[in-house]
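Structure record follows, encoded as structure tokens.
We count ligands from 1, going down the list as the structure has it; atoms in each ligand are counted the same way.
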Amino acid sequence: MKNMRTQIGIVGAGPAGLVLSHLLHLEGIESVVIENRSRQYVEERVRAGVLEQGTVDMMVETGVGERLKREGLVHYGVNLRFSRRTHHINFAELAGGQGITIYAQHEVIKDLSNARLAAGGQIFYEVEDVSVDNFEPHSSSKPSIRFRKDGEPYELTSDFIAGCDGFHGICRPSIPSGVLEVFERVYPFAWLGILAEAPPSSEELIYAYHERGFALLSMRSPTISRLYIQCSPEEDILNWPDARIWEELHRRLATDDGWKLTEGPVTQKGITPMRSFVIEPMQYGKMFLAGDAAHIVPPTGAKGLNLAVADVRVLARAFSEFYKSGRTHLLEEYSRTCLRRVWKVQRFSWWMTSMLHLFEGDNAFDQRRQLAELDYVTGSRAASQSLAENYVGLPMDWGS
Ligand SMILES: Cc1cc2nc3c(=O)[nH]c(=O)nc-3n(C[C@H](O)[C@H](O)[C@H](O)COP(=O)(O)OP(=O)(O)OC[C@H]3O[C@@H](n4cnc5c(N)ncnc54)[C@H](O)[C@@H]3O)c2cc1C
């Protein structure tokens, strides 16, 4: 068994784990990151792409935002499309000049892993059989992470463990049953998403409500479109040849003003189930959960990555306070602080999802109600402002 020691042992090299490791490094705190996938896999995994203003500011201020500033597409609004008409929500006017930046999650990951490795940070990729121990409140030993790398067993002991290993990771299930309370809603639909080599057909995102189901036009760069349609969670992707997906997108995004959807070769496609999920608390003893390990939002609000970043900003500050002064009050408050933001983001993501999707069992009344809500949101300055304020991201200190 090879033994290693660090201050913070981090499980998972997704956005939460890498941002945490980066922020800790800037505070002079040592960490080691353990990741079960290869570096190439995590750097190519296509996922989120909408960064809140606060996430962008954090990356720029901490020295990992150079490429993001150069290549990211800054948007000062989104479009809501229904009844074949498009309505613009203007963030510049409604959200104090703030915007969002389109920059793919895997590019964020590349920038962060490059920065960590260039600074001498340790990330162990392609590890196996990861387990966490001795983090329980009354454990007399130091917390430890055990794993295998190239067949060899390792034990990493640390002062604390950060469980940043996503929804399917091992950290959350390692907490004894009965400790965590689970709050969950599984939606009766999924998103079928494609990545296409086609210039985006709109400068800004289009969220479309349609009697055949929701559609979203998004993008990853000036040459790559990201498009989604609502589908059944049981849908088999094999039943969706590219031509059928484009046909459905054309139908759901159609307008009366001559707008055209540009097609292009589909380079990736997949089906993502939709769920809202929160555990409380987000800490047990010396293990702190952050990001998707602690909560999931449906992607309609574009919040998952941003929420993961918000959690680890709180956590990094709490660790920093502990190592500087020995005081534990911020660590003790970690869960409460994060959950205030988590629940507001859950509410917003649920609201966007409920307003824009068709629900099985809904009748004509419900559809008229959804249309009235869209009409209200796009017609009332107060309602548009509420959407804008949430979409660009609530201020970080709201949770404090
Ligand atoms: C299709 C799709 C679209 C999305 N769109 C958006 C969007 O537009 N905006 C947005 O903000 N969010 C979006 N999200 C959500 C966003 O991608 C996630 O919320 C985000 O990745 C969470 O980051 P994380 O670091 O908490 O978890 P993850 O990114 O899941 O990272 C966890 C890491 O832990 C690793 N791991 C897992 N188990 C172990 C183990 N046992 N040992 C070691 N390592 C382990 C995983 O390989 C992974 O690298 C989207 C998600 C999907 C799937």
Side-chain angles (χ1 to χ4, degrees), residues 9-21 32-52 54-56 75 78 100-106 108-109 112-113 123-132 145-149 154 156 161-174 190-195 205 207 216 218-220 226-228 268-277 282 289-312 315 338 342 345 348-349 352 391 393:
I10 301 175
V11 187
L18 290 176
V19 171
L20 179 62
S21 178
V32 173
V33 182
I34 306 299
E35 164 63 51
N36 63 357
R37 301 289 194 157
S38 70
R39 182 173 178 191
Q40 186 182 356
Y41 182 90
V42 295
E43 290 188 352
E44 288 177 359
R45 186 167 43 194
V46 174
R47 280 188 164 185
V50 177
L51 305 187
E52 289 180 354
T55 304
V56 171
H75 289 184
V78 288
I100 50 159
T101 299
I102 307 298
Y103 188 67
Q105 176 167 328
H106 61 273
V108 173
I109 295 290
L112 287 164
S113 48
I123 308 175
F124 284 78
Y125 290 101
E126 294 182 82
V127 303
E128 292 172 309
D129 302 333
V130 181
S131 63
V132 284
I145 305 173
R146 291 186 185 180
F147 57 95
R148 282 181 183 277
K149 168 83 184 152
Y154 283 74
L156 171 69
I161 294 175
C164 301
D165 51 349
F167 187 65
H168 300 288
I170 51 95
C171 288
R172 189 182 67 248
S174 304
W191 278 12
L192 190 162
I194 60 166
L195 206 58
L205 275 74
Y207 284 83
L216 172 63
S218 180
M219 62 291 291
R220 288 295 178 262
R226 182 86 167 128
L227 298 131
Y228 298 95
Q268 225 193 67
K269 58 182 163 184
I271 293 179
T272 311
M274 309 266 284
R275 152 195 323 261
S276 301
F277 174 91
M282 290 168 57
L289 301 176
D292 281 14
H295 40 71
I296 293 282
V297 281
T300 328
K303 293 292 175 211
L305 182 156
N306 296 297
L307 203 50
V309 170
D311 286 351
V312 294
L315 190 54
C338 288
V342 166
V345 170
F348 176 68
S349 304
M352 287 281 284
Y391 204 95

Would you give the length of the straight line joining atom CD of E35 to atom CG of D165, rounded to the nearest 0.5 angstrom?
9.0 Å
If you look at every heavy atom in G193 and R226, which pair is closest and at what distance?
C-NH1, 4.0 Å
Is there a donor-acceptor pair under 3.5 Å between the side chain of N306 and the backbone N or O of V50?
yes
So for ligand 1, is D292 a polar contact partner (N or O within less than 3.5 Å, distance only)?
yes
Is there a nitrogen or oxygen of A16 sitting under 3.5 Å from a nitrogen or oxygen of ligand 1?
yes
CD (Q268) with more than 12 external heavy atoms under 6.0 Å
yes
Heavy atoms only: give me the nearest M274-A190 pair and the separation to one decimal.
CG-CA, 3.8 Å
Roughly how far, to the nearest 0.5 Å, is CZ of F124 from CZ of R39?
14.5 Å
Go through ligand 1 atom by atom and flag the ones less than 4.0 Å from a non-hydrogen atom of G169.
38 (N)
So which atom in Y154 and which in K149 form the shortest heavy-atom distance, rounded to 0.1 Å?
CE1-CB, 3.5 Å
Of all the heavy-atom pairs spanning R172 and A293, show the shortest one and how long it is.
NH1-O, 2.7 Å
Assign the ring pair W191 / Y228 to parallel, tilted or perpendicular, where the plane angle (0 to 90°) is split at 30° and 60°.
tilted
Does ligand 1 come near enough to G304 that some N or O of the ligand is less than 3.5 Å from an N or O of the residue?
yes
Output the list of atoms in ligand 1 that are nearer than 4.0 Å to some heavy atom of Y228, sorted by atom number.
3 (C)
Who's closest to atom 1 (C) of ligand 1 heavy-atom-wise, of V132, D311, T272?
T272
Can you check which of R47, E35, E52 brings a heavy atom nearest to atom 52 (C) of ligand 1?
R47
Structural part of F124 in contact with ligand 1, heavy atom criterion under 4.0 angstrom
neither
Relative to ligand 1, is V42 under 4.0 angstrom through side chain, backbone, both or neither, heavy atoms considered?
side chain
Which of the listed options, E126, E43, Q105, R226, holds the heavy atom that is closest to atom 21 (O) of ligand 1?
Q105
Taking only heavy atoms of R37, which atoms of ligand 1 are found under 4.0 Å from at least one of them?
47 (O)
To atom 36 (N) of ligand 1, the nearest of N36, I109, V19, L307 on a heavy-atom basis is N36
Which bit of M274 is near ligand 1, meaning a heavy atom under 4.0 Å away: side chain, backbone, both or neither?
neither
Any chance you could measure N36, atom CG, to E126, atom CD, to the nearest 0.5 Å?
9.5 Å
At under 4.0 Å between heavy atoms, which part of C164 makes contact with ligand 1: side chain, backbone, both or neither?
backbone
What part of V11, side chain from CB on, backbone N/CA/C/O, both or neither, has a heavy atom under 4.0 Å from ligand 1?
side chain
Can you confirm, on distance only, whether ligand 1 has an N/O atom lying under 3.5 Å from any N/O atom belonging to R45?
yes
I'd like to check which ligand 1 atoms, numbered from 1 as shown, lie under 4.0 Å from a non-hydrogen atom of I170.
41 (N)
With heavy-atom distances below 4.0 Å as the criterion, list the atoms of ligand 1 near G14.
25 (O), 31 (O), 33 (C), 49 (O)
Numbering as shown, the atoms of ligand 1 that approach V130 to under 4.0 Å (heavy-atom distance)
42 (N)
Do P15 and ligand 1 have an N or O pair less than 3.5 Å apart?
yes
Below the 3.5 angstrom mark, is there an N/O of A302, backbone or side chain, next to an N/O of ligand 1?
yes
